[in-house]
There are 2 protein chains.
Amino acid sequence: MISFDDFILQDDSPIYLQIIQYVKRGIVSGAIENGEEMISRRALSALLGVNPNTIQKAYHMLEEEGIIYSRTGAKSCVEVDEAMKESIRRTLLSQDTLKWVQSMKQMGVSMEEALELCREVWE
Amino acid sequence: MISFDDFILQDDSPIYLQIIQYVKRGIVSGAIENGEEMISRRALSALLGVNPNTIQKAYHMLEEEGIIYSRTGAKSCVEVDEAMKESIRRTLLSQDTLKWVQSMKQMGVSMEEALELCREVWE
DNA sequence: GAAAGTGTATTAATTATATAATACAGTTAA
DNA sequence: TTAACTGTATTATATAATTAATACACTTTC
């Protein structure tokens, strides 16, 4: 079951978006597999100290994207085939990297400097 | 004068934060220098098609951070010494890079893969 | 000096995000 | 079967972000 054990609020973007992001990144890394049960909305709400409606918003959007499947009374499940996985992977990797590269360029940082920065921060 | 010619809305984060970010990155790159005049709040509002109050919020926060100086009736001016420049540079570079690195790690991407991605996206 | 431009302030309305308190119907498990 | 759990829905409230419409005092420029 996807327990959200290592979930942490990262920035000041909406919580429901950070939950969606957590699930998508887990799918890309392989930590979250097809068919896995999600933690229940109420349980995640208690775990994160966040309102149940906020969790519901995230889960509902994940369902609209076709990433999880829900039916009343039972836990929601992850439902992603290989095409979906690859689609999420491509989108996230390029979006995040492009954003960082644009940031570096706007600050006048060269590619070599950026690569070195990456190595330093990676640890 | 700082004209915001190449300013573009990047993401769905608050506009006033993106304006602050634009100015800070310009200072880091050297495109924005100490003593330069800011475009007036009303002119920037018209240029970006954004409410004057949103611009005022950004300018007001830049003033509170000690990055620009304003007086009624005259245009606001950038006021940053070398220590401030270096402080902004360190903060932005590490914050942006750390965020990207964390994203890559959460998706199970190795440092070598991340560096290669960076090279590809850089163009 | 007068007109135009500029920073600042106020009040009101709207949308998005998040919280709060319930309620109901379906599933799971003892 | 029954109790606990789960997904779903509703109504209300609060705060942040944005827009809108003015107004006033000060500076710059002609």
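Values in this document were obtained by computation on a predicted structure and should not be read as measured data. Convention: sequence-line order gives letters A, B, ...; per-chain numbering from 1. Worth knowing before you read on, the calculation uses all heavy atoms, side chains too, and leaves out hydrogens, waters and symmetry mates.
- In the interface, the side chain of R42(B) is paired with the base of dG7(C) through a donor and an acceptor atom under 3.5 Å apart.
- Heavy-atom nearest nucleotides on DNA chain C were determined for L17(A) and for G73(A), and the one closer to the 5' end corresponds to L17(A).
- In this structure, R41(B) places its CZ atom 19 Å from C1' of dA20(D), rounding to the nearest Å.
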Margin query: With side-chain hydrogen bond (donor to acceptor under 3.5 Å, both in side chains) as the criterion, how do D11(B) and Q18(B) come out once you've worked through the C-alpha distance, each side chain's angles and the decisive distance to 0.1 Å?
Written below: CA-CA 8 Å; D11(B) 42 43; Q18(B) 296 190 48; 3.3 Å; yes
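- Between L93(B) and the choices M104(A), E120(A), E113(A), the side chain to side chain contact (heavy atoms under 4.5 Å, CB included) rule is met once, by M104(A).
- Distance check: I68(B) CD1 to H60(B) NE2 gives 9.5 Å after rounding to the nearest 0.5 Å.
- The side chain of S70(B) lies closest to dT8(C) when the candidates are dT8(D), dT8(C), dG7(D).
- Between R71(A) and N51(A), the residue anchored nearer the 5' end of DNA chain C, judged by the nucleotide with its closest heavy atom, is N51(A).
- The aromatic rings of F7(A) and Y22(A) sit perpendicular, their planes meeting at an angle over 60°, well past the 30° parallel limit.
- Between dA25(D), dG7(D), dT27(D), one nucleotide has an atom nearer to the side chain of A74(B) than all others, and that is dT27(D).
- Taking CG from L48(A) and CG from L9(A), the interatomic distance works out to 7.0 Å, rounded to the nearest 0.5 Å.
- The closest donor-acceptor contact from the side chain of K105(A) to the backbone of W122(B) lies under 3.5 Å.
- Contacts with DNA chain C (heavy atom under 4.0 Å) in residues 53-60 of chain A: N53(A), T54(A), K57(A), listed by number.
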